[in-house]
A.B. asks: 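This is the structure I have questions about; it appears just below.
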Amino acid sequence: MSQLIEVKIPDIGDFKDVPVIELAVNPGDRVAAEQTLLTLESDKATLDVPSPSAGVVKEIKVKVGDTVSEGSLVVLLEAENVATASAVAPAPVASAPVAAAAPAAPAASGGLVEVKVPDIGDFKDVPIIEVLVSVGDNIAAETAVVTLESDKATMDVPAPTAGVVKELRVKVGDRVSEGNVILIVETGAAALAAAPTQTVASVPAPAPAVAPAPVASAAPVPQATAPAGKAHASPSVRKFARELGVDIAKVPGTGPKGRIQQQDVQNFIKGVFAQIAGGALPGAAPAGGVTGGGELNLLPWPKVDFAKFGPVETKPLARIKKISGANLARNWVMIPHVTQFDKADITDLEAFRKAIGPEAEKAGVKVTMLTFLVKACVAALKKFPDFNASLDGDNLVYKQYFHIGFAADTPNGLVVPVIRDCDKKSVYDIARDMAELAKKARDGKLGPAEMSGGCFSISSLGGIGGTAFTPIVNAPEVAILGVSKSALEPVWDGKAFVPRLMLPLSLSYDHRVIDGAAAARFTSFLTQALADMRRVLL
Ligand code: CAO
């Protein structure tokens with residue numbers, strides 16, 4: 001059921017006649033519940049006005065520069081799935097300096113919840129580089145409250161629950177470890193009543209100690225160079241930039257008082273793409289795009305009102321998908337990929353795997369083909385060190401350790417846990433590590449340390465099906481091995497066709513670092529190693 005509702009400025013405390021500094025939507029846009037519609041800025045506070053419901057923007061009643069107060073009509077929204085007839089006044093989401101902004105509703109029957117640093121793996125004494133909420137802020141569950149940055153990863157700590165921030169126990173520059181209290185949130189009826197309305201399916205509420213999602217999906221993002229000071233941007237723009245892996249400190253702001261707007265972040269990205277196409281970025285792919293460099297001249301993303309063609313349901317993308325999507329898109333655009341296909345005869349290896357099954361079971365592990373693949377890849381990486389390297393400007397960094405990542409399918413999306421020191425581990429050790437990490441991944445309990453430091457990744461779809469695919473290189477690694485389902489095939493042995501169990505391999509590689517001949521040698525070596533694992537001992 002859709003219904004036209006009036007979106008009005010909510011209670012914004014003592015503020016009156018506050019200028020609209022940014023419109024984040026246009027008429028005709030489809031918006032999700034809580035998506036920012038417009039931003040207000042007084043001399044003391046910045047406020048995003050979110051949409052109270054999913055729907056389509058019918059009319060915008062204000063323009064940049066207009067001033068508004070509580071109750072001003074700003075947008076007409078054709079809302080979907082509205083339960084009541086009354087228009088819902090939106091509450092401001094987290095706002096930048098809010099010293100004098102809307103006072104939090106007192107929590108009549110609310111409880112105080114300590115928000116602590118969750119399990120962050122091996123990291124200790126990690127500096128806080130950003131505090132994203134202020135006392136009095138009304139926050140939704142999963143709102144990022146602080147950003148931590150170690151030398152390996154940048155991570156947001158999300159609030160485990162909706163409520164009002166009562167007390168901040170940390171500041172930028174403080175160092176924290178697992179269990180340290182960051183802030184106190186007041187939850188409960190009154191606090192929740194003031195929280196933003198949710199009318200679409202929301203992300204499942206996390207358990208109290210939510211592992212922070214690293215900004216990188218699979219490996220730490222080589223970023224977070226932002227100085228400790230806050231960039232002048234609204235929370236939604238900061239979030240937008242973070243999701244795209246953009247260091248907001250580098251984005252020039254064109255809004256009033258140099259404020260960074262969503263359009264500025266988009267323009268920044270377009271500029272980076274244009275430089276890549278022109279070959280101007282160090283380590284970037286050379287020019288050669290369809291336009292001959294300069295600009296990619298991409299068409300705008302098609303905007304379709306899907307509801308015109310039949311019933312639809314809109315759900316927010318899972319957090320992991322948003323983060324990994326931004327990383328995959330960057331890797332796909334920036335890395336010239338080539339995929340080399342090959343097949344390994346694993347008849348004998350599979351017989352061996354089955355033979356050791358009972359013994360492995362006694363040892364409490366299950367050895368799958370993937371375990372042997374990890375061992376075979378380590379041998380191949382030792383023989384071809386270019387595959388165990390990363391680009392750093394004009395240099396190649398050769399790693400002398402062998403940490404192998406494996407793509408794991410989880411209900412919330414793809415993650416890549418890393419098994420450390422695979423060269424020093426037995427097949428059973430690797431099988432044990434893999435089972436533990438895969439379980440943690442599925443339970444959403446992987447820490448950033450368990451997803452960082454990989455040298456090479458394996459993406460196995462062999463347990464599911466398929467004959468070949470083209471995996472995306474997991475930067476800053478330079479190659480990834482895709483594995484498909486093994487099948488019995490007739491193979492000519494010189495005298496007759498014999499049935500052999502063949503395993504399809506798809507090696508995608510960064511062609512800036514690896515030549516086609518090297519890739520063919522790598523997969524040939526792998527197929528020989530898998531055909532006779534004694535080769536990995538050589
Ligand atoms: N060919 C045929 N059968 C295979 C196989 C292959 N290449 N690989 C695994 N299998 C079999 C296993 O032997 C097992 O069968 P049994 O139970 O009869 O022994 C079954 O398939 C299931 O294996 P598994 O998935 O439990 O174990 P795994 O070690 O192969 O994989 C893991 C572990 C975590 C990688 C996997 O569960 C997973 O998440 N795969 C998806 C990865 C993914 O999404 N990649 C895509 C990334 S690109 O978008």
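The residues of the chain are indexed from 1 along the displayed sequence. On a predicted model such as this, the values are computed, not experimentally measured, just so you know.
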A.B. asks: Looking at every heavy atom in both Asp348 and Arg500, which two are closest together, and how far apart are they?
C.D. replies: OD1-NH2, 3.8 Å

A.B. asks: Spell out, as yes or no, whether a donor-acceptor pair under 3.5 Å connects the side chain of Arg535 to the backbone of Ala529.
C.D. replies: no

A.B. asks: Might you confirm whether atom CZ of Arg353 has over 12 heavy atoms from other residues, nucleotides or ligands at distances under 6.0 Å?
C.D. replies: yes

A.B. asks: Any side-chain heavy-atom pair from Asp510 and Val338 closer than 4.5 angstrom?
C.D. replies: no

A.B. asks: From Asn474 CG over to Ile335 CD1, what is the distance, rounded to the nearest 0.5 angstrom?
C.D. replies: 8.5 Å

A.B. asks: Determine whether Phe306 and Arg30 satisfy the following criterion, side chain to side chain contact (heavy atoms under 4.5 Å, CB included), listing intermediate values before the conclusion.
C.D. replies: CA-CA 10 Å; Phe306 300 102; Arg30 174 166 292 280; 5.6 Å; no

A.B. asks: For the side-chain contact (heavy atoms from CB on, under 4.5 Å) test, which of Gln528, Glu489, Met502 pairs with Asp345?
C.D. replies: Met502

A.B. asks: Using a 6.0 Å distance limit plus a 45 degree cone around the ring axis, check whether Lys250 lies over the aromatic ring of Phe268.
C.D. replies: no

A.B. asks: Closest approach of Ser53 and Glu80, non-hydrogen atoms and distance?
C.D. replies: OG-O, 3.3 Å

A.B. asks: Below 4.5 Å, heavy atoms only, C-beta onward: do Lys375 and Val427 meet side chain to side chain?
C.D. replies: yes

A.B. asks: Using modelled atom types only, decide if a donor and an acceptor are shared between the side chain of Asp305 and the backbone of Ala307 within a distance under 3.5 Å.
C.D. replies: yes

A.B. asks: Taking it one step at a time, do Glu436 and Lys439 satisfy salt bridge (Lys or Arg N to Asp or Glu O under 4.0 Å)?
C.D. replies: CA-CA 5 Å; Glu436 273 170 25; Lys439 178 167 187 325; over 6 Å; no

A.B. asks: Judged by modelled atom types alone, do Tyr428 and Glu359 share a side-chain donor-acceptor pair under 3.5 Å?
C.D. replies: yes

A.B. asks: Are more than 12 heavy atoms, taken from residues, nucleotides or ligands other than Lys383, located less than 6.0 Å from that residue's NZ atom?
C.D. replies: no

A.B. asks: Using side chain to side chain contact (heavy atoms under 4.5 Å, CB included), reason through Leu373 and Leu505 one step at a time and then give a plain yes or no.
C.D. replies: CA-CA 10 Å; Leu373 276 156; Leu505 303 175; 4.2 Å; yes

A.B. asks: So, taking the atom named OG1 in Thr371 and the one named CZ in Phe406, what distance separates them when rounded to the nearest 0.5 Å?
C.D. replies: 9.5 Å

A.B. asks: Rounded to the nearest 0.5 Å, what's the gap from CZ on Arg512 to CG on Leu396? Could you check?
C.D. replies: 10.0 Å

A.B. asks: Would you find a donor on one side and an acceptor on the other, under 3.5 Å apart, between the side chain of Asp532 and the backbone of Arg534?
C.D. replies: yes

A.B. asks: Any donor and acceptor pair, going by atom type alone, linking the side chain of Ser390 with main-chain N or O of Pro476 inside 3.5 Å?
C.D. replies: yes

A.B. asks: Any heavy-atom pair between the side chains of Val117 and Ile182 that's under 4.5 Å?
C.D. replies: yes

A.B. asks: Does the Ser459 side chain pair with the main chain of Ala407, one donor and one acceptor, at a distance under 3.5 Å?
C.D. replies: no

A.B. asks: Ignoring hydrogens and angles, tell me if any N or O in the side chain of Asn327 forms a donor-acceptor pair with the backbone of Ile323 under 3.5 Å.
C.D. replies: yes

A.B. asks: Tell me if the aromatic rings of Phe522 and Phe456 count as close, with their centers under 6.0 Å from one another.
C.D. replies: yes

A.B. asks: With side chains defined as the heavy atoms from C-beta onward, is the minimum distance between Phe372 and Val367 less than 4.5 Å?
C.D. replies: yes

A.B. asks: Of the options Val513, Leu507, Ile480, Leu481, which is the one that meets Phe387 in a side-chain contact (heavy atoms from CB on, under 4.5 Å)?
C.D. replies: Leu507

A.B. asks: Below 4.5 Å, heavy atoms only, C-beta onward: do Met434 and Val374 meet side chain to side chain?
C.D. replies: yes

A.B. asks: Determine, step by step, whether Glu361 and Lys366 satisfy the salt bridge (Lys or Arg N to Asp or Glu O under 4.0 Å) criterion, reporting the C-alpha distance in whole Å, the side-chain angles of both residues, the deciding distance to 0.1 Å, and the verdict.
C.D. replies: CA-CA 6 Å; Glu361 205 178 320; Lys366 181 183 172 194; over 6 Å; no

A.B. asks: Is any side-chain heavy atom of Arg319 closer than 4.5 Å to one of Asn412?
C.D. replies: no

A.B. asks: Which heavy atom of Cys377 sits nearest to which heavy atom of Leu526, and what is that distance?
C.D. replies: N-CD2, 3.9 Å

A.B. asks: Is the closest side-chain donor-acceptor distance between Thr339 and Ser508 under 3.5 Å?
C.D. replies: yes

A.B. asks: What I want to check is whether the side chains of Glu477 and Ser457 have a donor and an acceptor closer together than 3.5 Å.
C.D. replies: yes

A.B. asks: Is a side-chain donor or acceptor of His403 paired with a backbone partner of Asp421 at a separation under 3.5 angstrom?
C.D. replies: yes

A.B. asks: Nearest 0.5 Å, what's the CG-CD distance between Leu183 and Glu114?
C.D. replies: 10.0 Å

A.B. asks: Any side-chain heavy-atom pair from Leu501 and Leu488 closer than 4.5 angstrom?
C.D. replies: yes

A.B. asks: With a 3.5 Å cut-off and no angle check, do the side chains of Asp386 and Tyr398 form a donor-acceptor pair?
C.D. replies: yes

A.B. asks: Is it the case that the side chain of Asn180 and the backbone of Ser177 share a donor-acceptor pair, with hydrogens and angles ignored and the cut-off at 3.5 Å?
C.D. replies: yes

A.B. asks: Say you draw a straight line from CG of Leu381 to CD1 of Ile404; how long is it, rounded to the nearest 0.5 Å?
C.D. replies: 5.0 Å

A.B. asks: Could you go through Phe469 and Phe341, starting from their C-alpha distance and side-chain angles, then the distance that decides it, and tell me whether this counts as ring pair (Phe, Tyr, Trp, His ring centres under 6.0 Å)?
C.D. replies: CA-CA 9 Å; Phe469 65 106; Phe341 300 99; 9.0 Å; no

A.B. asks: Please check if atom NZ in Lys343 has more than 12 non-hydrogen atoms from other residues, nucleotides or ligands closer than 6.0 Å.
C.D. replies: no

A.B. asks: Would you name the heavy atoms of Asp409 and Arg442 that are closest together and state the gap between them?
C.D. replies: O-NE, 3.3 Å

A.B. asks: Heavy atoms, side chains only, cut-off 4.5 Å: are Val416 and Met451 in contact?
C.D. replies: no

A.B. asks: Is a side-chain donor or acceptor of Lys425 paired with a backbone partner of Arg420 at a separation under 3.5 angstrom?
C.D. replies: yes

A.B. asks: Just how far is it from atom OH of Tyr509 to atom NE2 of His337, taken to the nearest 0.5 Å?
C.D. replies: 11.5 Å

A.B. asks: One pair to check against side chain to side chain contact (heavy atoms under 4.5 Å, CB included): Val146 and Leu132. What are the steps and the verdict?
C.D. replies: CA-CA 5 Å; Val146 292; Leu132 300 161; 5.8 Å; no

A.B. asks: Give a yes-or-no answer on whether the side chains of Ser426 and Asp429 include a donor-acceptor pair shorter than 3.5 Å.
C.D. replies: yes

A.B. asks: Locate the shortest heavy-atom distance separating Ala441 from Ala408; write the atom from each residue and the value.
C.D. replies: CB-CB, 4.3 Å

A.B. asks: Between Met369 and Leu349, is the side chain to side chain contact (heavy atoms under 4.5 Å, CB included) condition met? List the steps.
C.D. replies: CA-CA 8 Å; Met369 196 44 68; Leu349 188 55; 3.8 Å; yes

A.B. asks: Between Ser486 and Leu503, which heavy-atom pair has the shortest distance, and what is it?
C.D. replies: CB-CD1, 3.9 Å

